[in-house]
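All remarks here apply to the structure that follows.
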Amino acid sequence: QVQLVESGGGLVQAGGSLRLSCAASGRTFSNYNMAWFRQAPGKEREFVARIVRSGGLTNYADSVKGRFTISRDNAKNTVYLQMSSLKPEDTAVYYCAARPYYNDAYDSWGQGTQVTVSS
């Protein structure tokens with residue numbers, strides 16, 4: 001497992017932008033696929049975006065495709081989520097997750113960072 005700490009959440013107006021960061025501990029960050037999930041009150045946690053170890057492959061939930069961009073800097077042990085054209089329905093707690101390349105499940109999760117988008 002790897003320890004993950006999210007940051008960058010906050011309050012923004014609809015149409016605005018925000019960048020989330022997820023800092024990972026350890027020396028094996030490049031062994032992990034990374035992803036962002038989010039959960040709104042009363043709703044199930046949902047997948048947002050993922051990125052493979054090298055950063056060469058990404059995919060997104062349909063609800064955020066074209067607006068959000070996931071990236072990573074392995075030298076800094078950090079994954080990012082750049083969010084633009086934010087909508088009120090993007091309001092949620094955003095979680096960073098890590099999955100070892102040899103596993104099929106995410107085994108490390110951050111504590112989450114709150115993103116609130118006002119109308």
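Just so you know, residue 1 is the first one in the sequence shown, and it goes up from there. The figures that follow rest on heavy atoms only: side chains count, while hydrogens, waters and symmetry mates do not.
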- Message: Tell me every residue that passes side-chain contact (heavy atoms from CB on, under 4.5 Å) with Asp73, counting only those two or more places apart in sequence or in another chain.
- Response: Ala75, Lys76, Tyr80

- Residues passing the side-chain contact (heavy atoms from CB on, under 4.5 Å) test with Thr69, sequence neighbours excluded, are Tyr60, Gln82

- Message: Give me each pair satisfying disulfide bond (SG atoms under 2.5 Å apart) with a member in residues 33-83, each pair once, sequence neighbours excluded.
- Response: none

- Enumerate the residue pairs fulfilling disulfide bond (SG atoms under 2.5 Å apart) with a member in residues 52-87, sequence neighbours excluded, ordered by first and then second residue. none

Acceptor/donor pairs from residues 45-55 side chains to any protein atom, 3.5 angstrom cut, sequence neighbours excluded:
unit_1 : atom_1 : unit_2 : atom_2 : d
Glu46  : OE2    : Arg38  : NE     : 2.7
Glu46  : OE2    : Arg38  : NH2    : 3.3
Arg50  : NH1    : Asn59  : OD1    : 3.4
Ser54  : OG     : Gly56  : N      : 3.2

Under the side chain to side chain donor-acceptor pair (under 3.5 Å) rule, collect the residues that match up with [X], sequence neighbours excluded.
X: Asn31; result: none
X: Ser7; result: none
X: Gln3; result: none

- Item | N/O donor-acceptor pair under 3.5 Å between Asp90 side chain and Lys87 backbone | yes

- Item | Members besides Val5 in its Ile/Leu/Val/Met/Phe/Trp/Tyr cluster (side-chain heavy atoms under 4.5 Å) | none

Sequence neighbours left out, cut at 3.5 Å: what donor-acceptor pairs do the side chains of residues 11-23 make with other protein atoms?
none

- Within a strict 4.5 Å, meaning less than it, do heavy atoms of the Gln39 and Tyr94 side chains meet? no

- What ring-ring contact (aromatic ring centres under 6.0 Å, His included) pairs are there with at least one residue in residues 97-119, not counting sequence neighbours? Phe37-Tyr106, Phe37-Trp109

